[in-house]
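Please read the structure below before turning to the comments.
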Amino acid sequence: MDVYKIRGGKRLSGTIKVNGAKNSAVALIPASILASSPVQIDGLPEISDVWTLKSILEEIGGQVTFKDGTMEIDPSQMTDMPLPNGNVKKLRASYYMMGAMLGRFKHAVIGMPGGCFLGPRPIDQHIKGFEALGATVTNEHGAIYLRADELRGAKIYLDVASVGATINIMLAAVRAKGQTVIENAAKEPEIIDVATLLTNMGAKIKGAGTSVIRIDGVDELHGTRHTIIPDRIEAGTFMIMAAAIGDGIKIDNVIPFHLEALIAKLREMGVEVEEGEESIFIPRAESLRSVDVKTLVYPGFPTDLQQPFSVLMTQAEGASIVTDTVYSARFKHIDELRRMNAEGRVEGQMAVLFGPTPLNAANVKASDLRAGAALVIAGLLAEGETEVRDIYHVERGYSNLTDKLQGLGADIRKETAEPVPGMKFNSRNG
Ligand code: EPU
């Protein structure tokens with residue numbers, strides 16, 4: 001069982017580089033299934049979700065290599081092999097295998113996706129979309145069966161602006177006959193990234209990044225080469241860390257426009273944020289004012305950053321409130337922060353935090369990916385040695401984290417620890 005050991009209390013400085021976006025990567029890789037010739041994706045993060053998707057593509061007959069962030073996928077020999085169990089259970093984004101396989105083979109059998117537990121995470125909007133395109137979708141023995149004689153374009157109104165449903169419907173609709181219109185589509189930058197890849201493969205997509213996406217189906221898609229966008233959530237995590245414990249940190253490979261909500265909140269707290277073209281510099285922040293944050297769909301404040309941000313709230317003067325309107329139960333990190341001396345409580349879908357409170361080192365457990373990132377920041381702030389357990393969650397989304405933080409002067413290392421008696425571990429598929 002690997003853990004991070006962090007000796008905190010030391011100001012960090014220097015430059016840190018952001019990788020390609022996890023939430024794009026996990027959609028771009030399945031999208032390659034739709035091509036008839038090889039697809040090359042550059043700049044992919046070396047995280048466990050990407051390796052798992054590589055294995056999934058290989059299970060269905062893909063020839064895949066992955067080296068130095070570049071994945072080459074030859075999808076020509078792929079088949080509609082059922083994927084009821086195994087790797088698909090390890091990550092939530094395996095749901096993109098549904099749309100991609102349905103688009104290519106008109107048939108798919110995929111086990112229920114795994115991923116972080118953040119409260120209820122239904123996929124009803126994905127299924128509603130597939131059905132509107134003419135597929136029959138059934139749930140048999142815990143696996144989703146999708147079948148269609150042919151896919152026909154349709155008008156689909158999403159009840160919630162879901163990232164996953166928007167991308168999944170796009171993946172199937174690019175191979176449907178006629179036009180599909182997705183209304184109330186999600187607008188996240190990762191959707192534009194996937195639409196760009198598909199367009200370069202020959203798809204006809206208009207409006208990605210707005211709430212109405214129009215897709216004219218085509219008969220065939222071909223291979224292409226694509227460079228992924230930078231990970232705005234990894235960048236945001238480093239920005240929060242810089243505000244909490246930095247002594248001047250430059251974050252490279254960022255699109256500042258993707259982080260406007262976070263930048264605005266940091267400035268409201270009294271943090272200086274210097275935006276470059278593809279970088280952000282955060283000088284040392286001397287004192288922080290309390291702020292309230294409500295997570296919303298893009299371009300609102302991202303739910304994926306509320307957990308790291310709540311650590312910053314423990315260092316701000318006064319009471320701060322964070323409300324998560326996207327995932328009501330994404331607050332498991334608060335108990336762990338309390339073990340580190342944070343003052344706060346969870347009330348329904350919000351957490352109230354009081355500060356400034358010096359954090360103390362403790363043995364804590366990552367309940368999910370971004371909770372883990374939050375605990376790493378807390379560990380960097382805390383005096384003494386913090387141990388963060390269940391870091392496989394963190395490694396699903398952050399590559400080379402210890403190396404990157406060591407580059408800023410952090411005292412963090414990864415070790416293999418013995419299980420603590422009585423401490424329960426999460427299962428691998430979260
Ligand atoms: N929802 C439904 N029905 C659906 C789909 C979603 O009710 O069919 C609800 C969800 O329960 C949630 C809201 O709609 O309340 C938004 O969910 P969405 O579908 O947008 O989320 P997702 O596609 O499952 C992606 C990211 C998450 C990120 C959310 C929100 C991937 C693989 N995951 O999830 O990323 O939190 O969008 O931005 O892209 C993370 O990176 O840590 C992470 C969890």
| message | The test is salt bridge (charged side-chain N to carboxylate O under 4.0 Å, His left out); show your working for K414 and D403 and say whether it passes. | response | CA-CA 10 Å; K414 187 167 140 179; D403 289 350; over 6 Å; no
| task | Please report the C-alpha distance between S211 and N184 in whole Å, then the side-chain angles of each, then the deciding distance to 0.1 Å, and finally whether the side chain to side chain donor-acceptor pair (under 3.5 Å) criterion is met. | result | CA-CA 5 Å; S211 57; N184 195 29; over 6 Å; no
| task | Go through the steps to decide whether V326 and Q306 satisfy the test side chain to side chain contact (heavy atoms under 4.5 Å, CB included), and finish with yes or no. | result | CA-CA 11 Å; V326 181; Q306 67 82 354; over 6 Å; no
| said: What verdict does the side chain to side chain contact (heavy atoms under 4.5 Å, CB included) test give for I156 and L133, after you've listed the backbone C-alpha separation in whole Å, the side-chain angles of each residue and the deciding distance to 0.1 Å? | reply: CA-CA 9 Å; I156 301 158; L133 295 173; 4.3 Å; yes
| message | Is there a side chain to side chain contact (heavy atoms under 4.5 Å, CB included) between L375 and L337? Walk through the geometry before answering. | response | CA-CA 7 Å; L375 294 174; L337 290 178; 4.0 Å; yes
| said: Assess the residue pair M239 and L305 against the criterion (side chain to side chain contact (heavy atoms under 4.5 Å, CB included)); give the C-alpha distance rounded to whole Å, side-chain angles, the decisive distance to 0.1 Å, and a yes or no. | reply: CA-CA 10 Å; M239 288 162 67; L305 287 176; over 6 Å; no
| task | Apply salt bridge (charged side-chain N to carboxylate O under 4.0 Å, His left out) to R267 and E275, showing your working. | result | CA-CA 12 Å; R267 287 186 175 144; E275 296 176 48; 3.2 Å; yes
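Put simply, the side chain of V39 reaches to within 4.5 Å of the side chain of L197, judged on heavy atoms. Q315 places a side-chain heavy atom less than 4.5 Å from the side chain of L359. Between I240 and V311, every side-chain heavy-atom pair lies at or beyond the 4.5 Å cut-off. For the pair V293 and F309, the minimum side-chain heavy-atom distance is below 4.5 Å. In this structure, the side chains of I29 and K54 stay at 4.5 Å or more apart for every pair of heavy atoms. Between V254 and F238 the shortest side-chain heavy-atom distance does not fall below 4.5 Å. Side-chain contact between M112 and I144 is present, with heavy atoms from C-beta onward closer than 4.5 Å.
Residues that satisfy the ring pair (Phe, Tyr, Trp, His ring centres under 6.0 Å) test with H258, not counting sequence neighbours, are absent from this structure. For E278, the salt bridge (charged side-chain N to carboxylate O under 4.0 Å, His left out) test picks out no residue, with sequence neighbours left out. Applying the salt bridge (charged side-chain N to carboxylate O under 4.0 Å, His left out) rule to D247 yields the partners R284; only residues at least two apart in sequence or on another chain are considered.
The distance from atom CE of M78 to atom CZ of F105, rounded to the nearest 0.5 Å, is 7.5 Å. Between I255 atom CD1 and D231 atom CG the span is 11.0 Å, to the nearest 0.5 Å. Atom CD1 of I377 is separated from atom CG of L312 by 8.0 Å, given to the nearest 0.5 angstrom. Note: L369 CG to L91 CG = 11.5 Å, rounded to the nearest 0.5 Å. To the nearest 0.5 Å, the span separating CD1 on I412 from NZ on K10 amounts to 11.5 Å. For the atom pair CD1 of I127 and CG of N139, the computed distance is 7.5 Å after rounding to the nearest 0.5 Å.
Annotation for A373 and T237: closest pair CB-CG2, 4.0 Å, computed over non-hydrogen atoms. Scanning all heavy atoms of the two residues, the minimum distance from A366 to V394 falls at CB-CG2, 4.5 Å. Contact between P75 and R104 at its shortest, heavy atoms only, is O-NH1, 2.7 Å. Closest non-hydrogen pair, I228 versus P45, comes out as CD1-CD, 4.4 Å. Closest heavy-atom contact between K332 and S367: CB-OG, 3.2 Å. Summarising the geometry of M340 relative to A382, their closest heavy-atom pair is CE-CB, 3.9 Å, with the distance given to 0.1 Å.
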Check: residues 65-72 side-chain donor-acceptor pairs under 3.5 Å, at least two apart:
unit_1 : atom_1 : unit_2 : atom_2 : d
T70    : OG1    : D42    : OD1    : 2.8

For residues 12-26, which side-chain donor-acceptor pairs fall under 3.5 Å, sequence neighbours excluded?
unit_1 : atom_1 : unit_2 : atom_2 : d
N19    : OD1    : S399   : OG     : 2.9
N19    : OD1    : K404   : NZ     : 2.4
S24    : OG     : D193   : OD2    : 3.0

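Using a 4.0 Å cut-off between charged nitrogen and carboxylate oxygen, E260 and R232 do not count as a salt-bridge pair. At a threshold of 4.0 Å, the pair K265-E268 counts as salt-bridged, since one of the basic side-chain nitrogens sits closer than that to a carboxylate oxygen. E317 has no carboxylate O lying under 4.0 Å from a charged side-chain N of R289, or vice versa, which leaves the two without a salt bridge.
Legend: ring-ring contact (aromatic ring centres under 6.0 Å, His included) pairs involving residues 336-376, not counting sequence neighbours: none detected.
For E140, the CD atom is densely surrounded, since the number of other residues' heavy atoms within 6.0 Å is greater than 12. In the displayed structure, E415 atom CD is contacted under 6.0 Å by more than 12 heavy atoms of other residues, nucleotides or ligands. At most 12 heavy atoms of other shown residues, nucleotides or ligands fall within 6.0 angstrom of atom CD in E272. No more than 12 heavy-atom neighbours from other residues, nucleotides or ligands sit within 6.0 angstrom of NZ on K294.
Between the side chains of T303 and D324, at least one donor N or O lies within less than 3.5 Å of an accepting N or O.
In this structure, F130 and H126 have perpendicular ring planes: the angle between them is above 60°, well past the 30° mark.
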